[in-house]
Amino acid sequence: MCGRFASFTETQDLADQLAIAELAEDARLLPPSWNVAPTDPVRIVVERAARDSTDVTRSMRLARWGLVPSWAKDPGVGARMINARSETLLDKPAFAKPFAARRCLVLADGYYEWRKLALPDAGSKKTLKQPYWIHPADSGVVAAFAGLYEFWRNPAASETDPDRWLVSTTVVTRPASDRMAPIHDRMPLVLPPETWDAWLDPAVRDASDLLQVDNAPLTVRPVGDAVGSVRNEGPELIAADPDPRDLEPVQI
């Protein structure tokens, strides 16, 4: 799964990497975060035609992390839909329609995962975990998570209420690769740059083949426990743990 990530690269640098034609003001103003959590606003890249136009534009927008289906009674359901399993996308009504028509890239610098370690002693019931920072192996390259997005209309809001529409998103996950499996059995689908155009293209109705591509190259390092609390923030969260409790840290 992917339950916590970081997104701190300057918005304009991301726009340049992804050839963004239209940059929403709220996306431009989103502050950096080293501890993005479910229901937080995140930057996404989409390709859509403007109303009354057939011209498709690539834009960067904000979305709330945790997909809220258009038919949901309230947005609270999104907290349980931060991830969409690649193996069952077409089986879930909440994900099947956006998979066909509303795919996006969720922009990150990397994500966190917790490796379960051996029990500290035979009499303890507590499972120790080591947090890991997992990020692109190539410095300066965005981790573009395969994502889906959806629009939810607040039935209690008036037509003139600027907040009557909620845009939300989910991160597509897959079984972990052999190299990543020692940390966790699942991982986000981190799309390599050569697949971005096809994933975003709304004319591509069946993107099933892209669910099978190899992840962009990743590297890892153990980090401290501070990332486990959403109250903690800052670049120190991705600093290497000087004394990891994982006695045999995963090397990739």
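Both backbone and side-chain heavy atoms feed into the values below; hydrogens, waters and symmetry mates do not. Keep in mind that this is a model prediction, so the values were computed, not measured.
A distance of 9.0 Å separates OG in Ser86 from CZ in Phe99, rounded to the nearest 0.5 Å. Note that CG of Leu200 is 5.0 Å distant from CD of Glu47, once rounded to the nearest 0.5 Å. We find the CG-CH2 distance between Leu218 and Trp133 to be 10.5 Å, quoted to the nearest 0.5 Å. To the nearest 0.5 angstrom, Ile238 atom CD1 is 13.0 Å from Ile134 atom CD1. The CG atom of Leu107 sits 9.0 Å away from the CD atom of Gln17 when rounded to the nearest 0.5 Å. Atom CZ of residue Arg102 and atom CG of residue Leu148 lie 9.5 Å apart, to the nearest 0.5 angstrom.
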Derivation of the salt bridge (Lys or Arg N to Asp or Glu O under 4.0 Å) call for Asp40 and Arg64: CA-CA 6 Å; Asp40 282 350; Arg64 193 172 84 163; over 6 Å; no
Audit row: Trp34, Val227, side-chain contact (heavy atoms from CB on, under 4.5 Å) steps and yes/no: CA-CA 8 Å; Trp34 285 261; Val227 70; over 6 Å; no
Derivation and outcome, side-chain contact (heavy atoms from CB on, under 4.5 Å), residues Trp65 and Val171: CA-CA 8 Å; Trp65 186 18; Val171 172; 3.8 Å; yes
Pair Ser33-Asn35, side chain to side chain donor-acceptor pair (under 3.5 Å): steps then yes or no: CA-CA 5 Å; Ser33 175; Asn35 203 354; over 6 Å; no
Residue pair Arg221, Asp241: steps toward the salt bridge (Lys or Arg N to Asp or Glu O under 4.0 Å) verdict: CA-CA 8 Å; Arg221 65 168 172 262; Asp241 187 345; over 6 Å; no
Residue pair Leu189, Leu210: steps toward the side-chain contact (heavy atoms from CB on, under 4.5 Å) verdict: CA-CA 10 Å; Leu189 172 52; Leu210 294 175; over 6 Å; no
Full working for side chain to side chain donor-acceptor pair (under 3.5 Å) between Arg48 and Thr57: CA-CA 6 Å; Arg48 287 179 63 84; Thr57 300; over 6 Å; no
Step-by-step side-chain contact (heavy atoms from CB on, under 4.5 Å) determination, Val68 to Glu150: CA-CA 7 Å; Val68 180; Glu150 187 58 278; over 6 Å; no
Test log, rule side chain to side chain donor-acceptor pair (under 3.5 Å), inputs Gln12 and Asp16: CA-CA 6 Å; Gln12 190 56 56; Asp16 292 343; 3.0 Å; yes
Chi angles and distances behind the salt bridge (Lys or Arg N to Asp or Glu O under 4.0 Å) call for Asp26, Arg43: CA-CA 9 Å; Asp26 55 359; Arg43 292 174 291 191; over 6 Å; no
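Val106 and Leu18 fall into different hydrophobic clusters, where Ile, Leu, Val, Met, Phe, Trp and Tyr residues are linked whenever their side-chain heavy atoms come under 4.5 Å apart, directly or through other members. Connection of Leu14 to Leu105 is established within a shared hydrophobic cluster, with ILVMFWY side chains joined at heavy-atom distances below 4.5 Å, either directly or through further cluster members. Met60 and Val190 are not part of a single hydrophobic cluster, where members link through side-chain heavy atoms under 4.5 Å apart. By the rule that hydrophobic residues join a cluster once side-chain heavy atoms approach within less than 4.5 Å of another member, Leu211 and Met81 end up as members of one cluster. Ile44 and Phe5 fall within a single hydrophobic cluster, where Ile, Leu, Val, Met, Phe, Trp and Tyr are joined by side-chain heavy atoms under 4.5 Å apart, directly or via other members.
Between the side chains of Asn83 and Thr173, no donor-acceptor pair is found at a separation under 3.5 Å. Arg61 and Ser59 form a side-chain donor-acceptor contact under 3.5 Å, judged by distance and modelled atom types alone.
Within a 6.0 Å radius of CD in Glu25, more than 12 heavy atoms belonging to other residues, nucleotides or ligands are found. Counting heavy atoms of neighbouring residues, nucleotides and ligands inside a 6.0 Å radius, atom CD of Glu248 does not exceed 12 of them.
In terms of heavy atoms, Asp214 sits closest to Pro192 at O-CD, 3.7 Å. Considering all non-hydrogen atoms of both residues, Phe145 and Cys2 come closest at CE1-SG, 4.1 Å. Residues Leu62 and Pro41 approach most closely at CD1-CB, 4.3 Å, considering heavy atoms. A pairwise comparison of heavy atoms in Ile82 and Ala79 identifies CG2-O, 3.8 Å as the closest pair. Taking every heavy atom of both residues into account, Ala96 and Leu90 meet most closely at CB-O, 4.0 Å. Nearest heavy atom pair, residue Pro188 against residue Asn215, reads O-ND2, 3.0 Å.
A salt bridge between Arg245 and Asp225 is present, with a side-chain N of the basic residue lying under 4.0 Å from a carboxylate O of the acidic one.
For the pair Tyr111/Arg4, no side-chain contact is recorded, criterion being any heavy-atom separation below 4.5 Å from C-beta on. Pro75 places none of its side-chain heavy atoms less than 4.5 Å from the side chain of Val77. Under the 4.5 Å side-chain criterion, counting only non-hydrogen atoms from C-beta, Thr219 is in contact with His135. Val46 has its side chain within reach of Cys104: a pair of non-hydrogen atoms, C-beta onward, lies under 4.5 Å apart. Contact of the Pro175 side chain with the Glu87 side chain is registered, since non-hydrogen atoms from C-beta on lie closer than 4.5 Å. Side-chain contact between Arg85 and Lys92 is absent, with no heavy atoms from C-beta onward closer than 4.5 Å. Looking at heavy atoms from C-beta onward, Trp152 lies out of side-chain contact with Trp71 at the 4.5 angstrom threshold. No side-chain heavy atom of Trp196 sits less than 4.5 Å from a side-chain heavy atom of Asp201.
With hydrogens and angles disregarded, no donor-acceptor distance shorter than 3.5 Å links the side chain of Arg174 to the backbone of Met187. Using modelled atom types, one side-chain atom of Ser177 and one backbone atom of Met180 make a donor-acceptor pair closer than 3.5 Å. Proximity of a side-chain donor or acceptor of Thr127 to a complementary backbone N or O of Lys116 within less than 3.5 Å is not detected. Under a 3.5 Å cut-off, the side chain of Arg103 and the backbone N or O of Val204 do form a donor-acceptor pair.
Here the two rings, on Trp114 and Tyr132, have centers that are 6.0 Å apart or farther.
Using a 30° and 60° split on the angle between ring planes, Trp165 and Phe151 fall in the perpendicular class, above 60°.
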